[in-house]
Amino acid sequence: MRDYSVEIETSNDYVKSIMIGGGYIAQKLSLNLQNRGLASSVVASAKDFDVSSTPEFIFLFINKEEKLPESVLNFAESIKSKLIIISIDSSCSEDMVKQCSGKEANYCFVSIYDVYGGSGEGSALESVFAGLKKKKLISYKNDQIIITPIFVEDVADALCRVAFATQTFKKKFLVTGKDEIPLVGFVQRAGAEAARKFGLLINPEDGAEEYPETLARHEKIMQRDNSYSLLSWQPEVSLDRGISLALDSIPVEPQASLPEVKKKTILSPENLLRI
């Protein structure tokens, strides 16, 4: 996941939320919070964390293998900020849960699976759109994987809901889309929409890609439904609409139609003398 740093200026210079890491998802979340009147500051990593501010919310994006930064945990505990720990395409590890168990900080965990719609790296599904940018369809080794894709705008809205919800202390949330689809079907639908939208001839990608370990289907549905019930929330962006919007965010040069190609060939300088 690509990190970046950005500051959003406010009239009173008072930051009410801080995001650590998160890339494109954090960018969307920051704009979402700003629209709700909350100023945000986003930093690339925990080592850049500025403890001089007193935010209401701290969103910490972390990889499964990483250990939670003690400085962030202690800071959230000391100033009573709500700490939202977010993992992409993986469940929050038991080590993370144990690390927080002795803390009195107001923390909760959010796992997000199958995110798409970012302009940069965000989850495994972003490789599908990175491939389409190169006019390639990505193939995966396991064609039995069932996914629940969720558009990045819905992810940002869900994280806002988690922040403002009252019954979140020490709870685990799972954020996914509402539609189930085989991974191979998602790739094909994205490729078909790219072909329609840009007139591309999509070629299969040589080789195959690994996909992150997924939750068991029944476990995912149960956790997701419980999470959404607690948040009184459901994703709103349909799969077809999300794929179309995701393709709008990647720079793809339209491919000329066959008659236009023939016309250019005939009128080229070397062929004009033959007409």
Side-chain angles (χ1 to χ4, degrees), residues 1-3 21-25 28 61-66 86-93 110-155 158 174-224 235 237-253 255:
M1 186 179 302
R2 183 170 57 187
D3 285 330
Y24 191 71
I25 296 175
K28 285 291 184 182
F61 292 83
I62 194 159
N63 295 326
K64 183 178 181 181
E65 299 80 15
E66 286 183 294
I86 305 157
S87 178
I88 309 295
D89 277 338
S90 64
S91 297
C92 294
S93 69
V110 183
S111 297
I112 307 172
Y113 279 86
D114 307 324
V115 187
Y116 70 101
S119 60
E121 296 177 8
S123 78
L125 285 188
E126 283 306 313
S127 63
V128 175
F129 295 92
L132 290 175
K133 181 180 177 181
K134 302 173 185 176
K135 304 177 185 178
K136 297 285 185 180
L137 272 180
I138 303 295
S139 61
Y140 289 93
K141 290 182 179 179
N142 187 346
D143 60 1
Q144 302 301 312
I145 295 174
I146 303 297
I147 59 173
T148 48
I150 185 166
F151 192 56
V152 67
E153 297 282 5
D154 275 333
V155 171
L174 178 65
V175 174
T176 75
K178 56 186 175 182
D179 297 319
E180 298 175 55
I181 183 173
L183 176 58
V184 64
F186 179 87
V187 173
Q188 290 171 350
R189 284 173 76 165
E193 178 63 11
R196 185 197 69 79
K197 201 178 209 44
F198 304 117
L200 299 181
L201 297 176
I202 307 296
N203 299 314
E205 178 76 6
D206 293 334
E209 297 283 341
E210 293 282 3
Y211 194 78
E213 181 181 349
T214 59
L215 287 176
R217 181 173 173 272
H218 67 279
E219 184 183 359
K220 180 185 284 189
I221 293 171
M222 183 176 67
Q223 287 188 31
R224 175 194 65 194
V237 181
S238 69
L239 186 57
D240 288 337
R241 174 65 174 158
I243 288 174
S244 180
L245 290 171
L247 288 169
D248 285 341
S249 71
I250 62 175
V252 177
E253 289 294 328
Q255 190 164 300

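Only this structure's heavy atoms are used, side chains among them; waters, hydrogens and symmetry mates stay out.
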Could you report the tightest heavy-atom contact between [X] and [Y], atom names first, then the distance?
X: Y113; Y: I150; result: O-CG2, 3.6 Å
X: L215; Y: S91; result: CD2-OG, 3.5 Å
X: K220; Y: L174; result: O-CD2, 3.3 Å
X: G177; Y: P235; result: CA-CG, 4.3 Å
X: G191; Y: L137; result: CA-CD2, 3.8 Å
X: D89; Y: P212; result: O-CB, 3.9 Å

Subject >> E153 vs L245, side chain to side chain contact (heavy atoms under 4.5 Å, CB included): CA-CA, chis, key distance, verdict >> reply: CA-CA 10 Å; E153 297 282 5; L245 290 171; 5.9 Å; no
Rounded to the nearest 0.5 Å, how far apart are [atom1] of [X] and [atom2] of [Y]?
X: E180; Y: I221; atom1: CD; atom2: CD1; answer: 4.0 Å
X: I88; Y: D114; atom1: CD1; atom2: CG; answer: 11.0 Å
X: R217; Y: M222; atom1: CZ; atom2: CE; answer: 13.0 Å
X: R189; Y: L239; atom1: CZ; atom2: CG; answer: 4.5 Å

- Query: Between Y140 and S127, do the side chains contain an N or O donor and an N or O acceptor separated by less than 3.5 Å?
  - Reply: yes
Can you sort out the partners of [X] under salt bridge (charged side-chain N to carboxylate O under 4.0 Å, His left out), two or more places apart, ordered by chain and number?
X: D154; result: none
X: K178; result: none
X: D179; result: none

F151 meets the ring pair (Phe, Tyr, Trp, His ring centres under 6.0 Å) criterion, sequence neighbours left out, with Y116
Side chain to side chain donor-acceptor pair (under 3.5 Å) filter on S244, not counting sequence neighbours, yields K197
Quick one: does [X]'s side chain get under 4.5 Å of [Y]'s, heavy atoms only?
X: L247; Y: F198; value: yes
X: L125; Y: V115; value: no
X: E193; Y: D240; value: no

Next item on the list: Look only at the side chain of E126 and the backbone of G117, and say whether a donor-acceptor pair between them is shorter than 3.5 Å.
Entry: yes
Applying side chain to side chain contact (heavy atoms under 4.5 Å, CB included) to K133 and not counting sequence neighbours gives I250, P251
